[in-house]
Every structure is written in structure tokens, then in C-alpha cells.
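What follows is one structure encoded as C-alpha cells, with my remarks underneath.
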Amino acid sequence: MSDKRSGYISWDEYFMGVAVLSGMRSKDPHTQVGACIVSEDNKILSMGYNGFPKGCSDDEFPWAREGEPYDNKYFYTTHSELNAILNYRGGSLEGAKLYVTLFPCNECAKAIIQAGIRTIVYDDDKYEMTPSVMASKRMLDAAGVRYYRYKRTGREIQITL
Ligand SMILES: Nc1nc(=O)n([C@H]2C[C@H](O)[C@@H](COP(=O)(O)O)O2)cc1CO
Ligand SMILES: [Zn+2]
């Protein structure tokens, strides 16, 4: 009886890999974010990436980061976490785990808490010093939602399609 294969990727590598792959669909020229929601028994429930809502053309709505709020992207981009929550057509997300490539903002934190997601695994936290992320962590802590940083293995995972 041969021993099982070694070197297979961990659950966290698998699901963070799905989140990274989802982010590759983002048309945001500056920051591409991907999310993957997983059940407590490691079933993938939903995925999402940041972009404009259905019907709001990627070629007509603004991708600018500066200028009047009406003319930059922030009013219009749906964040990857919210897209993953809204893309889920099943029942409840109670107790689910969210893998996301960038730490959730305060708006997404509210949606995450209200959806019943209990754990967040994040990769980058480049906005950690912003009021948005500080408020996000304040609510997540108050709501008892656990979050931890994805432990990068440094392993290159090759995907050739
Ligand atoms: N956690 C997040 N998930 C997201 O999907 N986003 C989206 C909103 C914008 O489309 C983009 C951030 O643009 P920028 O400020 O890095 O140029 O990523 C942003 C954050 C940060 O809170
Ligand atoms: Zn957000």
C-alpha cells in the first residue's frame, strides 16, 4: 500500500488561491481584490472580486482614484467581500469563513458581521492605518468575528491553463 502523496497544498493555500484567482477578474487598474467564502466543513460557498455592479459598464464608469467623488471609482466599486456575500444563492452564511486578499473595510465588516461570517483570513493589510480599517477591526472585535493573516509559504503554485 503506497503512502499518500506529500506536498499537497493546505486548506488555507487552496482557498486563498481561489481568492487570488478571483481577483484576477478585477478590472480595477490599481487594486485587484478577490474573496472566497467557505463553509465550516471546507466547502466553497461563494467567490467575488471588486468591480462595478451589473449594468454599470467597466468602460463607462470611472476607475480614477482622485477627483470629485461622483467622478472617481469609490462610489461605484462593489468590494470583493460584498460581491462574494451577494453572489451566494444558498441559504445562510452563518458560521462561514471568508478568505480575502485585502483586509475588509468598515462597510464590508458590517456586511460580514450581519451575514454571520465568523472567521476572516486575509493576506494584505495595506490600509491598516486608515480609519476605515481601524473601524472595521473595532466592529469585528466587538462582534467576535475572528481574523488572522494568511501565513505565506513562499511556495510558488504554478497554474498553466
Ligand atoms: N477590502 C477591500 N476590498 C475591496 O474590494 N476593495 C476594492 C475597492 C476598490 O475597487 C479597490 C481599492 O482601490 P484603491 O483605493 O487601492 O485604489 O479595491 C477595497 C478594499 C479595501 O478595504
Ligand atoms: Zn469593503
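Indexing begins at 1, ligand by ligand and atom by atom, following the structure's order.
Counting atoms of ligand 1 from 1 in the listed order, those under 4.0 Å from a heavy atom of Glu81 are 1 (N), 2 (C), 3 (N), 4 (C), 5 (O). In the vicinity of Tyr127, heavy-atom distances shorter than 4.0 Å reach the ligand 1 atoms 14 (P), 15 (O), 16 (O). Atoms of ligand 1 found under 4.0 Å from any heavy atom of Thr77, numbered from 1 in the order shown, are 8 (C), 9 (C), 10 (O). When each atom of ligand 1 is checked for a heavy atom of His30 under 4.0 Å away, the hits are 14 (P), 16 (O), 17 (O).
At a heavy-atom distance under 4.0 Å, atoms from both the backbone and the side chain of Leu102 approach ligand 1. Looking at Pro104 against ligand 1, only its backbone comes within 4.0 Å, counting heavy atoms. With a heavy-atom cut-off of 4.0 Å, Arg65 touches ligand 1 through its side chain alone.
Note that CD1 of Ile117 is 4.0 Å distant from CD1 of Ile85, once rounded to the nearest 0.5 Å.
Within 6.0 Å of OH in Tyr74 there are more than 12 heavy atoms belonging to other residues, nucleotides or ligands. No more than 12 heavy-atom neighbours from other residues, nucleotides or ligands sit within 6.0 angstrom of CG on Asp3.
Between Tyr147 and Phe103, the ring center distance clears the sub-6.0 Å criterion. Less than 6.0 angstrom separates the ring centroid of Phe52 from the ring centroid of Trp63.
Protein heavy atom nearest atom 12 (C) of ligand 1, with residue, atom name and distance: Thr31 CB, 3.7 Å. Of all protein heavy atoms, the one closest to atom 11 (C) of ligand 1 is Asp28 OD2, 3.5 Å. Looking only at protein heavy atoms, the nearest one to atom 15 (O) of ligand 1 is Tyr74 OH, 2.6 Å. Nearest protein neighbour of atom 13 (O) of ligand 1, counting heavy atoms only, is Lys73 NZ, 3.1 Å. Of the protein's non-hydrogen atoms, the one nearest atom 22 (O) of ligand 1 is Cys105 CB, 3.3 Å. Counting protein heavy atoms only, atom 5 (O) of ligand 1 is closest to Ser80 N, 2.9 Å.
Of all the N, O or S atoms in His79, the one closest to the Zn ion (ligand 2) is ND1.
Ligand 1 has no nitrogen or oxygen under 3.5 angstrom from a nitrogen or oxygen of Val133.
Here the options are Asp125, Asn106, Val145, the test is side chain to side chain contact (heavy atoms under 4.5 Å, CB included), and the partner is Lys137; only Asp125 passes.
Look at Asp124 and Lys126 and you find no salt bridge, because none of the NZ, NE, NH1 or NH2 atoms lies under 4.0 Å from a carboxylate O.
Relative ring orientation between Trp11 and Phe15 is described as parallel, the plane-to-plane angle staying below 30° on a 0-90° scale split at 30° and 60°.
At least one side-chain heavy atom of Ile9 sits less than 4.5 Å from a side-chain heavy atom of Arg155.
Taking the ring centre of Tyr49 as origin, the terminal cationic atom of Lys27 falls outside the region bounded by 6.0 Å and 45° from the ring axis.
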